[in-house]
Amino acid sequence: MKAVELARNYDPKDFEERIYAEWKRKKEFGPSSSDKEHFSVVMPPPNVTGILHMGHALNNSLQDIIVRYHRMLGRPTLWVPGTDHAGIATQNVVERQLQKEGLRRQDLGREKFVERTWQVKEKHHDIIKKQLEKMGCSCDWDHERFTMDEGLSRAVREAFVTLYERGLIYKGKYLVNYCPKCGTALADDEVEYENVPGKLYDVRYPYADGSGFITVATTRPETMFGDVAVAVNPEDERYTSVVGKELLLPLTDRKIKIITDSFVDKEFGTGMVKITPAHDPNDWECGRRHNLEAINLLNPDGTLNENVPEKYRGMKAEEARKLVVEDLEKGGYLVKTTDHAHDVGHCYRCHTTVEPYLSEQWFVSMKTLADKALAAWRNGDIVFYPRRWENTYVHWMETIRDWCISRQLWWGHRIPVWYCQDCGKMIVSRENPDECPDCHSHNLKQDEDVLDTWFSSWLWPFSTLGWPDKTPDLEKFFPTNTLVSAYDIIFFWISRMIMASEEFLGKAPFRDIVITGLVRDIQGRKMSKSLGNGIDPIEVIDKYGADAMKFTLCYLAAQGQDVMIDMDSFRLGSRFANKIWNATRYLLMNIEGRNLVDIQRDKLSIMDRWIYSRFNAAAGEIASAMENYRFNEAAQTIYSFFWNDFCDWYIEASKGRLLHGSDEEKDLQVSILMDILEKSMRLMHPFLSFITEEIYQKLPNHKGDVICAEYPQFSAELEDKEADSLVSILQEAARLVRAARANLQIAPEKKLRVVIRIVADNAASAFMKEEASLLATFMSASSVTIDTEGKEDVKGALPATGIGFEAFIFVREAIDIDAEIKRLQNEIEKNEKLLEGSVKKLSNENFISHAKPEAVEKEKSKKAEFEDKIQKSKEHIELLKSF
RNA sequence: GGAGGAUUAGCUCAGCGGGAGAGCGCUUGCCUUACAAGCAAGAUGUCACAAGUUCAAUCCUUGUAUCCUCCA
């Protein structure tokens, strides 16, 4: 064979882009036609508003690892990519653009506005796709979907109409969360609460009969014009006598009554609260219980409407509040003002204060859907990793409220409802109707509102596969296997997907739900635009490469824990990739003139058997880590196998044979090295996709592309406990001598004679004899003698104790005997403590009788080991004293 | 108010009832014919606190403290 030359430095820029293009060209990302069981994943669709952040990088890295792993297991594997139209968010982006041009969306009109939004969508979509490609995501671009493309829009209509037909969608006038800035209703969970300082105003409401007044406490005096009652707790004895009396609403000439309702907190303020059904959710419920009118005070833009006295009309709430307070004060109604922090809802998109707003909206009735979704969990059809998220899921499902799905936006799926302008008939239809079924009028008008974004994303796992049609994709790849998502959208998305899937297809959309943590900065803060503490995945890739990014994230992503990182964190992955590159570079230099030969097991040395055993163990650990979505464990296994076992020990050990062996030995050695290297590339590919592919292609023993190569499997037969334990003795011996040398600061070039005393004729001594020259290399010794009979003269040698052997290092000069004796005494002390623990355990009859027999056996051998070490150390001190 | 999480080395964090771990950082020595982005050796711990269960607790249970997140 000819040597293969690798660039001197690992530079991912040399090949990452090229390899991705190559994979795409060869259609490696599509599902194979194998008849094994399918494996499918749908990508949580990023919003087309922005670019991908570190959270996406984490999420997609983990998906890519899972997908590549299963692809290599030979299963027909499909990873569906796509993007979400992100209603409010995208509309806001476009509106901000318009604002810069001095325009409002109304100036453009609906059609033009939507057209323009499509352009923004296209632009961002292209950026997102490029980013995913740069990350190396092996998703099947032929299956790419967008929540507003034709098929998915049809799915949305199907879902809406079906739910309507099943009586699960209704329209009604309700108090909803309303963002005046976005001009639309929001779902309950689209509101973010924040504790802000405010004021509590105590206001006098006089009795209508002039017999005095009562005092109510409110944080929002400007809503008093919508008051329809004052409520007290029925058990509040202070007020029993006044219940039913009429009050005169200050600043107006309206009269309201005092009622009782148990929701009133006796301790809050005066224990009397004003009831404003149109502007507070609790009051709304209370108003419904008492059949009270709801007086809406707001225009859609958040200003006060004609239901307030003229002087306040057109004002924003905060503005009006000041004036109302002033007027109350002037009128002698204001008793006092106190500071009062309270939770205020904000729009999750623009952070404007959300107003409870009475309006006509569409709702999904959630109870029946939630029951099915809960049943799916109870049946074990869905499993969360980590499990604790199941509490969150169950709690949300059990306390679910109806979902407001209409949005007063232009960007989104228009609600498939039409109204006959002539007879008023409401038509809910899958197809655009031509005429009214009742009066045959053609004068139909579609509902102006669009649907909540999540109304399309909750169909994602099956709408992307062709539903409502019974497509072959749907047949084959649904239900999907694994969903990877951050915990912040369990409610928004994950729970609803399960409900939709159960409702429309009668099955859970996926079984395994992998909840990742959030990516935070090094101070633990959430990465955000406003803080400017975000890290751009593309910058990471430019600096360290996509492999380094993926591997680092994987290594740090312990089950569901938040990941704290900064730019430097990615050096971890980068250095590992560099190590792989250099090890390969070295190995490929050494194949010059060699031939690959059959690797027959009976020709393997213990060291050879050991590295195969370690490889096999690593494959086993990775399989179980992957099965349980313990990504960090898989990454650590790979790291320590390749770096510590393979590079630090095996390659180092092989150097001697490569230099001094016979041709036959050299050929065998090179063949084993290439074999392990080739297998390692396959083992590591899901985690470091680009570099393994680049290297794999250059290996003399590669077949095809690593992306679709077979994943190495653990096999119990390949476990080699004998080799494992023999090599660990060798390693311990090497470490002991190295440590002794380091302690004494003996320069590496000073080669010293070493005697290893193993007073036993067993596999260990035989192995040590066989590998004496290798030991000499590891110890930088001039020679290593294995003394099985205790006959070697070790006078003047520095002793060290291992498990089952002693090492004697012949150091005449440069040794500080006192320091060495001190070290040994410390050693004795340490071991005596350990021994004491062991003895205590073993003399405890309860331990002997209760503990597992293995544990007892282990304790016994530990005890013997400590005793031996203490004994040896004592002898060694004597020996040193005799110098 | 309810739920969940965290508390382990200087930092970031793994840890699966039985002699405390990794990466980074630090100290020391080495440019050993792949890698100084490297090699080798080392130092650093009341496993938050208190009780309990157990032959045995960093690990299980219950409290306490501090911090974080979500829900209301």
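We name chains A, B, ... by the order of the sequence lines, and we start the count at 1 in each one.
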Side-chain polar contacts of residues 672-681 of chain A - donor-acceptor pairs under 3.5 angstrom, sequence neighbours left out - could you list them?
{"unit_1": "A:Asp675", "atom_1": "OD1", "unit_2": "A:Lys679", "atom_2": "NZ", "d": "3.1"}
{"unit_1": "A:Asp675", "atom_1": "OD2", "unit_2": "A:Tyr612", "atom_2": "OH", "d": "2.6"}
{"unit_1": "A:Asp675", "atom_1": "OD2", "unit_2": "A:Lys679", "atom_2": "NZ", "d": "3.0"}
{"unit_1": "A:Glu678", "atom_1": "OE1", "unit_2": "A:Arg682", "atom_2": "NH2", "d": "3.0"}
{"unit_1": "A:Glu678", "atom_1": "OE2", "unit_2": "A:Arg682", "atom_2": "NE", "d": "2.9"}
{"unit_1": "A:Glu678", "atom_1": "OE2", "unit_2": "A:Tyr696", "atom_2": "OH", "d": "2.9"}
{"unit_1": "A:Ser680", "atom_1": "OG", "unit_2": "A:Ile676", "atom_2": "O", "d": "2.7"}

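- RNA chain B contains the following stems of three or more consecutive Watson-Crick or G-U pairs, with both distances under 3.5 Å: B:1-7 with B:65-71, B:10-13 with B:21-24, B:26-30 with B:38-42, B:48-52 with B:60-64.
- With sequence neighbours excluded, no residue forms a side chain to side chain donor-acceptor pair (under 3.5 Å) with A:Asn590.
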Polar atoms only, N or O, under 3.5 Å: list the protein pairs with nucleotides 18-21 of chain B and their distances.
{"unit_1": "B:rG19", "atom_1": "OP1", "unit_2": "A:Lys862", "atom_2": "NZ", "d": "2.7"}
{"unit_1": "B:rG19", "atom_1": "N1", "unit_2": "A:Glu865", "atom_2": "OE2", "d": "3.2"}

Please enumerate all protein N or O atoms sitting under 3.5 Å from an N or O of nucleotides 35-41 of chain B, with distances to 0.1 Å.
{"unit_1": "B:rC35", "atom_1": "OP1", "unit_2": "A:Arg8", "atom_2": "NH2", "d": "3.3"}
{"unit_1": "B:rC35", "atom_1": "O4'", "unit_2": "A:Asn582", "atom_2": "OD1", "d": "3.2"}
{"unit_1": "B:rC35", "atom_1": "O2'", "unit_2": "A:Asn578", "atom_2": "ND2", "d": "3.4"}
{"unit_1": "B:rC35", "atom_1": "O2", "unit_2": "A:Lys579", "atom_2": "NZ", "d": "2.9"}
{"unit_1": "B:rC35", "atom_1": "N3", "unit_2": "A:Lys579", "atom_2": "NZ", "d": "2.8"}
{"unit_1": "B:rA37", "atom_1": "O2'", "unit_2": "A:Asn578", "atom_2": "ND2", "d": "3.0"}
{"unit_1": "B:rG38", "atom_1": "OP1", "unit_2": "A:Arg575", "atom_2": "NE", "d": "3.4"}
{"unit_1": "B:rG38", "atom_1": "O3'", "unit_2": "A:Lys579", "atom_2": "NZ", "d": "3.1"}
{"unit_1": "B:rC39", "atom_1": "OP1", "unit_2": "A:Lys579", "atom_2": "NZ", "d": "3.1"}
{"unit_1": "B:rC39", "atom_1": "OP1", "unit_2": "A:Trp643", "atom_2": "NE1", "d": "2.4"}
{"unit_1": "B:rC39", "atom_1": "OP1", "unit_2": "A:Asp648", "atom_2": "OD1", "d": "3.4"}

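- Every side chain to side chain donor-acceptor pair (under 3.5 Å) that A:Arg594 has, sequence neighbours left out, goes to A:Asp663, A:Asp667.
- For A:Glu652, the side chain to side chain donor-acceptor pair (under 3.5 Å) criterion is met by A:Lys655, not counting sequence neighbours.
- With sequence neighbours excluded, the residues satisfying side-chain contact (heavy atoms from CB on, under 4.5 Å) with A:Glu665 are A:Arg657, A:Ser662.
- A:Glu621 is linked by a side chain to side chain donor-acceptor pair (under 3.5 Å) to A:Thr637, counting only residues two or more places apart in sequence or in another chain.
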What are the atom names and distances for every N/O pair under 3.5 Å that joins the protein to nucleotides 1-8 of chain B?
none

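- Residues passing the side-chain contact (heavy atoms from CB on, under 4.5 Å) test with A:Gln731 are A:Trp610, A:Trp649, A:Val727, A:Ser728, A:Arg735, sequence neighbours excluded.
- Applying the side chain to side chain donor-acceptor pair (under 3.5 Å) test to every pair with at least one member in residues 1-16 of chain A, sequence neighbours left out, gives no pairs at all.
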